[in-house]
Participant: 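Mind looking over this structure? Questions follow.
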Amino acid sequence: MSKETVLVSGGAGYIGTHTAVALVEAGYDVVIIDNFSNSEASAIEGVEKILGRKVAFEQVDTCDTEALRKVFEKYDFNTVIHFAAYKAVGESMAEPLKYYANNLVSFMNIVSMMKEYGRPNILFSSSATVYGDAESLPVTEQTPRQPATSPYGNTKQIAEDILRDCCRAYEGLYGIALRYFNPIGAHPSALIGELPRGVPNNLIPFVTQTAAGIRECLSVFGNDYDTPDGTCLRDYIDVNDLAKAHVAAVARMTGHKMDASYEIFNVGTGRPVSVLELLTRFEAVNDLKLPYKIVGRRPGDVPAVWADTALANEVLGWKAERSLDDTLRSAWAWEKHIRNL
């Protein structure tokens with residue numbers, strides 16, 4: 001029996017590369033597509049070094065219907081993991097049209113091709129931002145979605161709705177949305193990790209770049225939230241654990257184990273950590289000091305969100321395993337690797 005093949009859109013990105021590695025290590029073949037709009041070709045090389053083999057790759061923009069069609073014609077796969085999207089909350093507040101055009105058109109193109117070519121399984125990269133400023137914590141998959149606090153979050157809500165409606169309407173189409181919390185860390189090999197262009201939008205790359213002396217000072221956005229230390233509470237999940245959640249979801253789809261044509265799972269640790277707590281832990285495990293300053297709140301940020309992961313633990317047979325300390329060590333090891341420190 002030949003291996004199942006999984007198409008990974010946006011597979012040169014941070015979560016995409018780690019998921020591609022986890023899929024191949026679990027016995028799947030992968031085809032990666034990416035347009036390098038927010039990633040580098042070196043990421044594919046890192047994946048291949050870890051695996052000790054070449055992986056199929058096509059430089060394709062998922063907004064380009066004809067280029068995408070060629071991929072569907074060339075490769076035989078039943079499952080797509082769709083990562084390709086812009087993902088910076090702050091940028092989406094400043095450039096909403098850019099986010100709606102890219103994130104929704106690319107996703108609709110994928111779903112449309114799957115329907116046309118009879119490819120049954122789509123795994124959508126969603127986000128905890130769909131919960132907005134949740135009324136109760138931790139959030140479960142049944143927690144009502146609040147209005148999105150950013151255009152980025154809104155694109156995730158809309159894409160979830162598109163997937164739900166298409167899975168209802170088109171027989172033979174199955175979808176799973178994985179709602180990620182805050183992925184951090186890097187592969188233990190330090191050959192792949194988070195590689196933002198320009199000024200980072202996520203906390204950990206800003207932390208590691210500050211530790212490396214690339215940034216003068218780290219900004220903590222607000223210390224007047226209604227949280228124990230006044231800084232935002234988040235659910236930080238190791239990117240390798242997150243990658244394994246995708247493998248578990250693919251196995252559920254390809255093994256015809258889904259209870260409905262559309263399912264949703266929270267993917268987090270279930271433990272809230274404040275921004276200041278994260279900085280303190282990073283300093284302690286890596287034996288260094290970080291210059292930081294408190295600045296005003298950032299538009300689009302919610303005070304607190306963390307996951308109830310019981311459903312993913314039970315139904316997918318998956319749970320987050322790596323410790324926060326190990327994750328923070330891996331993030332610094334990756335930064336040192338790319339800076340030759």
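The structure presented is a predicted model; accordingly, all values stated were derived computationally and were not measured. For the numbers below, each heavy atom of this structure counts, side chains included, while hydrogens, waters and symmetry mates do not.
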Participant: Establish, from distance only, whether the side-chain atoms of Tyr152 and Glu91 form a donor-acceptor pair under 3.5 Å.
Facilitator: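 Judged by distance alone, the side chains do not pair up.
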Participant: Considering only NZ, NE, NH1 and NH2 on the basic side and carboxylate oxygens on the acidic side, decide whether Glu335 and Arg215 come within less than 4.0 Å.
Facilitator: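 No.
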Participant: Kindly determine whether Val31 and Thr5 satisfy side-chain contact (heavy atoms from CB on, under 4.5 Å), including the steps that lead there.
Facilitator: CA-CA 7 Å; Val31 176; Thr5 299; 3.8 Å; yes
Participant: Can you tell whether the side chains of Lys244 and Asp241 come within less than 4.0 Å, N to carboxylate O?
Facilitator: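 The answer is no: the pair does not qualify as a salt bridge.
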Participant: Would the number of heavy atoms belonging to other residues, nucleotides or ligands and lying under 6.0 Å from NZ of Lys70 be above 12?
Facilitator: no
Participant: Between Asn103 (side chain) and Thr155 (backbone), is there a donor-acceptor pair under 3.5 Å?
Facilitator: no
Participant: What's the verdict on side chain to side chain donor-acceptor pair (under 3.5 Å) for Ser323 and Asp325, showing C-alpha distance, side-chain angles and the deciding distance?
Facilitator: CA-CA 5 Å; Ser323 73; Asp325 288 0; 5.6 Å; no
Participant: Indicate whether any N or O donor in one side chain lies under 3.5 Å from an N or O acceptor in the other, for Asp238 and Thr327.
Facilitator: yes
Participant: Going by heavy atoms in the side chains, are His246 and Phe83 under 4.5 Å from each other?
Facilitator: yes
Participant: Please test Phe107 against Ile122 for side-chain contact (heavy atoms from CB on, under 4.5 Å), starting from the C-alpha separation and ending with a verdict.
Facilitator: CA-CA 10 Å; Phe107 183 59; Ile122 181 161; 3.6 Å; yes
Participant: side-chain contact (heavy atoms from CB on, under 4.5 Å) between Ile33 and Leu7: does it pass, once the steps are laid out?
Facilitator: CA-CA 8 Å; Ile33 59 173; Leu7 179 73; 4.0 Å; yes
Participant: Answer with yes or no whether the side chains of Glu4 and Thr254 bring together a donor and an acceptor at under 3.5 Å.
Facilitator: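 No donor-acceptor contact under 3.5 Å links the two side chains.
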Participant: Determine the sole option in Thr129, Thr269, Leu242, Asn266 for which the side chain to side chain contact (heavy atoms under 4.5 Å, CB included) test with Phe181 is passed.
Facilitator: Asn266
Participant: Side chains of Tyr174 and Glu263: do they bring a donor and an acceptor to under 3.5 Å?
Facilitator: no
Participant: Would you indicate whether the side-chain heavy atoms of Leu278 and Leu328 approach each other to under 4.5 Å?
Facilitator: yes
Participant: Counting only heavy atoms not in Phe36, do more than 12 fall under 6.0 Å of its CZ?
Facilitator: yes
Participant: Could you tell me if Asp229 and Thr231 have a donor-acceptor pair between their side chains, going purely by distance under 3.5 Å?
Facilitator: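 Yes, a side-chain donor-acceptor pair sits under 3.5 Å.
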Participant: Quick one, Arg119 and Phe77 - any side-chain contact, counting heavy atoms below 4.5 Å?
Facilitator: yes
Participant: Between Ser106 and Asn102, is there a side-chain donor-acceptor contact under 3.5 Å, judged purely by atom types and distance?
Facilitator: no
Participant: Could you verify whether a donor N or O on one side chain and an acceptor N or O on the other, from Tyr75 and Glu58, lie under 3.5 Å apart?
Facilitator: yes
Participant: side-chain contact (heavy atoms from CB on, under 4.5 Å) between Arg322 and Ser330: does it pass, once the steps are laid out?
Facilitator: CA-CA 11 Å; Arg322 283 173 66 84; Ser330 74; 4.1 Å; yes
Participant: What I'd like to find out is whether the side chain of Ile158 reaches to under 4.5 Å of the side chain of Met108, using heavy atoms alone.
Facilitator: no
Participant: Got Trp306 and Leu233 here, is their nearest side-chain heavy-atom distance under 4.5 Å?
Facilitator: yes
Participant: Are Asn154 and Tyr100 close enough that a side-chain donor and a side-chain acceptor fall under 3.5 Å?
Facilitator: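 The answer is yes; a qualifying pair exists.
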Participant: Could you check whether any side-chain heavy atom of Gln209 comes within less than 4.5 Å of a side-chain heavy atom of Pro196, counting everything from C-beta outward?
Facilitator: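 Of all side-chain heavy-atom pairs linking Pro196 with Gln209, at least one is under 4.5 Å.
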Participant: Out of curiosity, does Met93 fall in the hydrophobic cluster containing Leu203 (side-chain heavy atoms, cut-off under 4.5 Å, transitive links)?
Facilitator: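 Each belongs to a different hydrophobic cluster.
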Participant: So does Glu160 pair up with Arg179, basic N to acidic O under 4.0 Å?
Facilitator: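 Yes, charged N to carboxylate O under 4.0 Å.
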